[in-house]
Amino acid sequence: MSAQPREQWSTRTGFLLAAIGSAVGLGNIWRFPAVAYEKGGGAFLLPYLIALLTAGIPLLILEYTIGRRYRASAPGAFRRMWRPAAAIGWWQVAVCFVIASYYAVILAWAVRYVGFSFTESWGDDPDGFFSSFLETAESPGTISSFVPGVAWTLLAVWLSALVILALGVRRGIERANKIFIPLLVVFFVVLVVRALTLDGATVGLDAFFTPDWGALSDGSVWVAAYGQIFFSLSIGFGIMITYASYLGRRADLTGSALAVGFSNSSFELLAGIGVFATLGFMATRSGLAVDEVVSEGVGLAFVAFPQIISEMPLGAFFGVLFFGSLVFAGLTSLISIVQVIVSAVEEHTGMGRIRTVVSVGIALTVVSTGLFATDGGLYLLDAADHFINAYGVALAALVSLIVVSWVLRRLPRQQAEADATSSVRLGVWWRLCLGVVTPLVLGWMMVDSLRQELSRNYEDYPTSFLLWAGWGVAGAALLAGVLLSLLRRPRDRPGNGPGDDVPQPAGTPPDVPRVPPRIEDAPEHGRQGRGPGPRPADDGTSEESS
Amino acid sequence: MSTSAVIMMIVSIALVWGGMITALINVYRFPDMQREDSEATTAPR
C-alpha cells in the first residue's frame, strides 16, 4: 500500500496568509488598543517589541520547527517527539475545542451587528439593546432559555467554517485566507481613514501615543506586554504546529515567523490608531476625557462602537466596516482553531477529512449552540474565556516549553531544523529566549494571575459559578488532554501516519536538510491513506509504538 | 497632539510597519523552496 502524502500549502504566500489570518483575530482589534493605552501609551511600544522579539517570534519559530519536522497534528507531533508529551498536544486540542465553541458565538454576534448597522437598530441605548439581543439573564450560572436570534446565525457561522475546512488545506483554508485577509485589510484601512477624518481623532491619538515612561518600572506593564504578544500570535494553541505541518520540507521557517509576527503587530498598531481616533471623536463629542470612554473586548465592540456609530455621519457605513472586519478577522482565526481539532481527530481515527469535519462540527455546533446561544451564554463565555486562556493556553505553552527545552533538551535540534532551510539563522539568543526568558515570564504570568484569582473572584462572579464555568472548564480541558493521550489509536501503527518524519538513522545530525520524500500529489480532502511504513525515526528517540 | 505623542507615533509606525516590510522583503528574496517542494510533489513520475 502506498502512503498518501500529507496535504501541503500550494505557495509560501498561502501559508503566510493563513498564519497571519490565524494570528490576526478579535484580540488585535479590541484588546491591544486598550492594553497599550492603560500600560504606558507610547512607552508600551518598548516592552511590546521586546516581548515580540524575545517570546513571540521565538515561540512561533519553535512551533514551526515542531510542525514541519513531525508533519503531524499537535498531539501527533508531540507524541513523535516523546510519547508522554502527546498529552500536551491533546490538551491543546481540548483547549481549542473550548475556545472554538465560544469564539464562533462572538462571530455570530458580529454578523448580526453588520445587519444592525444598516438601520442602527440599537437606537440610543446600545447597552440595553445588546442585553436584550442576547436575552442576558440577571445573574450568572443559570441557563433557562435559548436565544434563537443568536442560534440561527451561529449555525450559519459554523456551516461556513466547516465547509471551508471540509474543502481541505489548499482549496479551503488557503483559498479562504487569500480572500478574507485582503478584504480585512481593505475594510480596516478604509475604517481607519474614516476614523482619522473624524473631529477629535487627534485627541484620541494623543492619548494613545503619549508615553508614560514611568510605567516601564511597573512589572505589570511588562507582564501585559508579554501577555498581549502571547495571546495575540496564536501560539500555545497547537495552531502553528498544525499549520506548519503542511509546509514543505525546505520551507523558510524563521523568515516566515518574522513576517507573521510583524504583520500581526502591524495590524494591532493599525487597530490602535483606528480605535483611538474613534474614541477621540466620542470623547470630544460627549465632552469627556478619553480615559472615561476607553473600553475593551465585548464592551468596546458591541456597546461603545454602536454608540459612536450612531453619533457620526455615515455611521452605517462605518458600522459595516467595523463589524465586517470583526467577522473576517474572527473567521480566519476560528478556522485555524478548529483545524487543530480536525487534524488531530483525523490522524487519530483514520477517518477521512469530510467525515472528521462533520463529526467535529456536529460536536462543536451542539456545545456551542447549547451553552452559548442561551440567556446565560455571555457570563459563561466570559468566565470560560478568562480561565481557558490563563490556565489552558498559557499553562500548556509553559509546560510544553519546559518539556522541550529542559526535559528533552531539544532546542539545539530544533534550531538546526530551522537553520537548515531558513533565511535568517538562529543563534544562542533563540535558545536563551525559549529556555529561560519565556518560561520565566510565562511562569510569572501564571503566579500573577493565580494571585489575582485568589484575592478576588473574577468579575465578582459567584464562586460556585466560577468553579464550574472557569476552573472546571480549564481543568476539564487538562483532564481531557491526559485521558485522550492514553487512548489507544485505532490506526496506531508505526510509521503509518500522514506525514511521518523521514526516517533518519539514529544519530543523524539534524542540521542536514532532509530529502523530501518523493510523493504523489496530495488529495485536497478525503481519506488519508496510511500504509505500513518505516518507523518514524526521530533521531533515534522517537516513541511512536504503542 | 503633543510632540512626544507625535514622535512615539512615528517611531511606532517606523519600527512595527518597517519591521513588517523588511521581514516580507526578506521572505520574498529568499527562494521559494516551499513552491519547489510543492512542484516536486505534483511532477509526473
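The OG atom of B/S4 sits 9.0 Å away from the CH2 atom of A/W213 when rounded to the nearest 0.5 Å. Rounded to the nearest 0.5 Å, atoms CG (A/L205) and CE (B/M1) are 5.0 Å apart. With rounding to the nearest 0.5 angstrom, the CZ atom of A/F209 is 8.5 Å from the CE atom of B/M8. If you take OG on A/S256 and CG on B/L24, they are separated by 10.0 Å, rounding to the nearest 0.5 Å. Annotation: the span from A/F262 atom CZ to B/L15 atom CG amounts to 8.0 Å, rounded to 0.5 Å. The CE atom of B/M20 sits 11.0 Å away from the CG atom of A/N264 when rounded to the nearest 0.5 Å.
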Side chain to side chain contact (heavy atoms under 4.5 Å, CB included) between A/L269 and B/W17, intermediate numbers included: CA-CA 9 Å; A/L269 185 59; B/W17 292 359; 3.9 Å; yes
Check the pair B/V16, A/L45 against side chain to side chain contact (heavy atoms under 4.5 Å, CB included), reporting the backbone distance first and the verdict last. CA-CA 9 Å; B/V16 177; A/L45 178 73; 4.0 Å; yes
With side chain to side chain contact (heavy atoms under 4.5 Å, CB included) as the test, would you mind laying out the steps for B/F30 and A/T421 before giving the verdict? CA-CA 10 Å; B/F30 197 68; A/T421 60; 6.0 Å; no
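Between the side chain of A/D206 and the backbone N or O of B/S2 there is at least one donor-acceptor pair closer than 3.5 Å. With hydrogens and angles disregarded, a donor-acceptor distance shorter than 3.5 Å links the side chain of A/R12 to the backbone of B/V27.
Neither the backbone nor the side chain of B/I21 comes within contact range of chain A; no heavy atom of the residue lies under 4.5 Å from a heavy atom of that chain. With a threshold of 4.5 angstrom between heavy atoms, A/L270 approaches chain B through its backbone and through its side chain. For B/I13, the parts lying under 4.5 angstrom from a heavy atom of chain A are both the backbone and the side chain. For A/T254, no part sits under 4.5 Å from any heavy atom of chain B, backbone or side chain.
Annotation: maximal heavy-atom pairing with chain A below 4.5 Å, among B/V11, B/T22, B/N26, occurs at B/N26. Considering only heavy-atom pairs separated by less than 4.5 Å from chain B, the leading option among A/S265, A/G14, A/A207, A/S263 is A/S263.
The number of heavy-atom neighbours closer than 6.0 Å to CG of A/D199, taken from other residues, nucleotides and ligands shown, is 12 or below.
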